[in-house]
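Because only heavy atoms are used, hydrogens play no part in the values below, and waters and symmetry mates are left out as well, while side chains stay in. Naming convention: chains lettered A, B, ... in sequence-line order (proteins, then strands); numbering from 1 in each chain.
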2 protein chains.
Amino acid sequence: MPVTISDVARAAGVSKGAVSYALNGQAGVSEDTRRRILSTAAALGWTPSLRARSLSSSKAYALGLVVARNPRLLGTDPFFPSFIAGIETTLADSGYSLVLTVATQTGSEEASYRRLAHEGRVDGVILSDMRTDDSRIALLLELGLAAVTLNRPDTPSPFPAVCMDDTEGISQAVQHLVDLGHTRIAHVGGTQHYIHGLSRRNAWANTLKLNGLETDLFIEADFGATEGVAATADLLARDNAPTAIVYANDIMATAGQAYAQQQGLRIPADLSVTGYDNTEYAQYLNPALTSIGSDPLLWGSSAAQVLLNQLDGTHDGADVVLPAPRLITRGSTAAPHNRSSSGSK
Amino acid sequence: MPVTISDVARAAGVSKGAVSYALNGQAGVSEDTRRRILSTAAALGWTPSLRARSLSSSKAYALGLVVARNPRLLGTDPFFPSFIAGIETTLADSGYSLVLTVATQTGSEEASYRRLAHEGRVDGVILSDMRTDDSRIALLLELGLAAVTLNRPDTPSPFPAVCMDDTEGISQAVQHLVDLGHTRIAHVGGTQHYIHGLSRRNAWANTLKLNGLETDLFIEADFGATEGVAATADLLARDNAPTAIVYANDIMATAGQAYAQQQGLRIPADLSVTGYDNTEYAQYLNPALTSIGSDPLLWGSSAAQVLLNQLDGTHDGADVVLPAPRLITRGSTAAPHNRSSSGSK
DNA sequence: ATGAAAGCGCTAACAG
DNA sequence: CTGTTAGCGCTTTCAT
């Protein structure tokens, strides 16, 4: 039989209310009695019941994360496991837990948020994979859930954002290639209704324009290996085939690189390649992949912290800006071998 | 103001108790009144409060998963995201949620289980990454948590297990290599205190013995790319360097393959390589990686189902055996090019 | 500053 | 079979 607040109250010779005040650090008890209560509570080994607190305080003491992804792409992406690990480092000593939901079916995403809110499972959610004109902002407002967003959405949002600029890394990659002498630099982008899919493309295009280069070599893919290969095949078959391809993530770069090699191209001599994420295996590819090293762990812990602060009113409402991921140069990028403008096929 | 059980009771002209019975499908109300109650509940849009139910029924209506992994390896492994997605497919229409915990610090794993149990966050947990003489079994017994294990532990366990044999795939891989004419087949295993690290090694060794071959070419690594490379370097530097290496997972195989290529070896001509997991990118490597295709999604959904059944008393206690992962042959394996016994370096 | 007591919304034991 | 009622353990209002 676990010890309850009544036991503590009796042992300390006060009322349950006093114990509650003492526990929550609220006014209503003198410093002396508070200490006495707390120490007898510790002596009895009392821990407040989460369920009872939840019921009477109408709080869940939990945060939610809804991951909406194609299951096939899920296992491929190094982001979420690390991101979640980051969230956990913050939650570990906070009394809060993480409720994770995976929405693989289209349409089940909204249902997930609704359920989380309706059942009162969580007090707030972390919004990742922000989309253009993201409908979740209105949804969460309707549901009355607190939230943080990963990067600031393109529509007005009342929620604080934790930002990690992904344009700087891409700009560095493009500039790196330009400096090496490339003039036909393609971009295999991710799904463009994701903010980060779009912003990476824009960074690529802007940097090219700054250098007076064309931005016609663009293909949208889905961040997956299959479409990464298809996009690569498409680009390499063109008359003005690129001498370098900037991919929106490592898995597409990896798959694209392998495809190009199968087609007889040497990397980086015939084709330079860059990725994004700096996946663990990127350095072990052949050649090692030039990539952009983000920090999902930090992003996760920061996002959780901001949300926690928001929930207890500590947050000032300002966005938090994290250091921008930077380019990591490896063997997959080099000066173009020859400048002939002929297609490669 | 949300509608409560009292509102329903009043509207239906019955007591709260009757509504509760109707809701939970228990005896105590006639079929007629039950239908009436349920329909007025639906009419009023009533949903029972999870928190109130939790408090009075002493149940959490949630399952727990504690992931204890080195954060660096976490992002590399395709297992967990898919596995969790599998869990979710089962939980989606069950009223249960998943509480996820990541234990990156050594020692924090036990603390995680204790907290989950102590706070009453979950009714049961899914035990993955089973270890030899796994201390978690005693721990969970002490904590009074229900559980399912992924594969049967090597110590007596009262918990049902959901099994997916990983020895068959490895045996197939080894036999495949033997059939191709290889005689020096190495194994770069995973951490051996994991059951699946050990069992894969045993499968490798047993299959070699069946073919009258030596089992001296073994190195233990940690399932990570870095140690995969180190192990590969070690093996290739030996006098009796292998002509084929069976890796315990894809990331080590990928890293090892790239290392071998950097050393000037052609794959598969000079060295055949196999992985495990059939990661999405495996087919896009150069050459495409022969691997063993497990099904973490199925594993996750099955494990969650068994645990759910156990919680509501529906489970018969028997282990569930899932189809064994099978070998998927690709370009990284072929007959050895020449049979010279010289080292490769 | 302190204590009593009324909920929070549901479950389950009990009486009818 | 049905309805009543006493909790579950905590928070919080309201007197004292």
Side-chain angles (χ1 to χ4, degrees), chain A residues 1-38 40-41 44-62 95 117-121 123 144 311-313, chain B residues 1-38 40-41 44-62 95 117-121 123 144 311-313:
Chain A
M1 194 86 272
V3 24
T4 76
I5 199 174
S6 305
D7 301 326
V8 177
R10 200 175 318 116
V14 296
S15 70
K16 296 195 310 180
V19 177
S20 177
Y21 287 142
L23 168 70
N24 297 311
Q26 289 182 22
V29 285
S30 67
E31 230 357 90
D32 267 7
T33 41
R34 161 168 328 215
R35 252 194 296 276
R36 186 161 47 85
I37 290 173
L38 256 28
T40 73
L44 270 62
W46 174 69
T47 326
S49 151
L50 181 71
R51 285 168 188 155
R53 301 185 80 186
S54 272
L55 177 59
S56 62
S57 69
S58 299
K59 294 203 288 183
Y61 302 98
H118 201 82
E119 295 186 337
R121 290 270 186 193
D123 301 315
L311 288 174
D312 69 15
Chain B
M1 194 83 274
V3 23
T4 76
I5 199 175
S6 305
D7 301 327
V8 177
R10 200 175 316 117
V14 297
S15 69
K16 296 195 309 180
V19 177
S20 177
Y21 287 140
L23 168 69
N24 297 311
Q26 290 180 20
V29 284
S30 67
E31 228 0 86
D32 266 7
T33 41
R34 163 170 326 220
R35 254 194 295 275
R36 186 161 48 86
I37 291 173
L38 256 28
T40 74
L44 269 61
W46 174 69
T47 325
S49 152
L50 181 70
R51 286 168 187 155
R53 301 185 80 188
S54 272
L55 177 59
S56 62
S57 68
S58 299
K59 293 202 288 182
Y61 302 97
H118 201 83
E119 294 185 338
R121 289 270 185 194
D123 301 315
L311 287 174
D312 70 14

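Among the atoms of the strands shown, only primed sugar atoms or phosphate atoms (P, OP1, OP2) are found under 4.0 Å from some heavy atom of B/Thr33.
Taking all atoms of both residues into account, the shortest heavy-atom contact from B/Ala11 to B/Leu44 is CB-CD2, 4.0 Å. A/Ala60 approaches A/Asp123 most closely through the heavy-atom pair N-OD1, 2.7 Å.
The residue among A/Ser6 and B/Gly13 whose nearest nucleotide of DNA chain D lies closer to the 5′ end is B/Gly13.
With sequence neighbours excluded, the residues satisfying side chain to side chain contact (heavy atoms under 4.5 Å, CB included) with A/Ala117 are A/Leu143, A/Leu145. Residues satisfying the side chain to side chain contact (heavy atoms under 4.5 Å, CB included) test with A/Ser30, not counting sequence neighbours, are A/Asp32, A/Thr33. Residues meeting the side chain to side chain donor-acceptor pair (under 3.5 Å) test with B/Ser6, sequence neighbours left out: none. Considering only residues two or more places apart in sequence or on other chains, A/Leu38 meets the side chain to side chain contact (heavy atoms under 4.5 Å, CB included) condition with A/Ala22, A/Arg34.
One atom, CZ of A/Arg51, and another, C1' of C/dG9, lie 15 Å apart when rounded to the nearest Å. In this structure, A/Arg34 atom CZ and C/dT2 atom C1' are separated by 13 Å, rounded to whole Å. Remark: C1' of D/dG9 and CG of A/Leu55 are 9 Å apart, rounded to the nearest angstrom. Between the CZ atom of B/Arg10 and the P atom of D/dG3 there is a distance of 15 Å, rounded to whole Å. Per the geometry, CG belonging to A/Leu50 stands 11 Å off P belonging to D/dC10, to the nearest Å.
One end of the helix from C/dA1-D/dT16 to C/dG16-D/dC1 points its axis 40° away from the other end's axis, with each axis taken from 5 pairs and the angle rounded to 10°.
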For residues 48-57 of chain A, which side-chain donor-acceptor pairs fall under 3.5 Å, sequence neighbours excluded?
| unit_1 | atom_1 | unit_2 | atom_2 | d |
| --- | --- | --- | --- | --- |
| A/Ser49 | OG | A/Arg51 | N | 3.3 |
| A/Ser49 | OG | A/Ala52 | N | 3.0 |
| A/Arg51 | NE | B/Gly120 | O | 3.4 |
| A/Arg51 | NH1 | B/Ser58 | O | 3.4 |
| A/Arg51 | NH2 | B/Gly120 | O | 3.0 |
| A/Arg53 | NH2 | A/Asn24 | OD1 | 2.9 |
| A/Ser54 | OG | A/Leu50 | O | 3.3 |
| A/Ser54 | OG | A/Lys59 | O | 2.8 |
| A/Ser56 | OG | A/Ala52 | O | 3.2 |
| A/Ser57 | OG | A/Arg53 | O | 2.5 |
| A/Ser57 | OG | A/Tyr61 | OH | 3.4 |

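Sorted by first and then second residue, the salt bridge (charged side-chain N to carboxylate O under 4.0 Å, His left out) pairs involving residues 4-14 of chain A (not counting sequence neighbours) are A/Asp7-A/Arg10.
Within the structure, every side-chain polar atom (N or O) of B/Ser58 is placed at least 4.0 Å from both OP1 and OP2 of D/dC8.
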note = Contact string for nucleotides 11-16 of chain C, one letter per nucleotide 5' to 3', B = base within protein heavy-atom range under 4.0 Å, S = sugar-phosphate only, - = neither, reads BBB---
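Inter-residue side-chain proximity for A/Leu23 and A/Trp46 is flagged as met; some heavy-atom pair is nearer than 4.5 Å.
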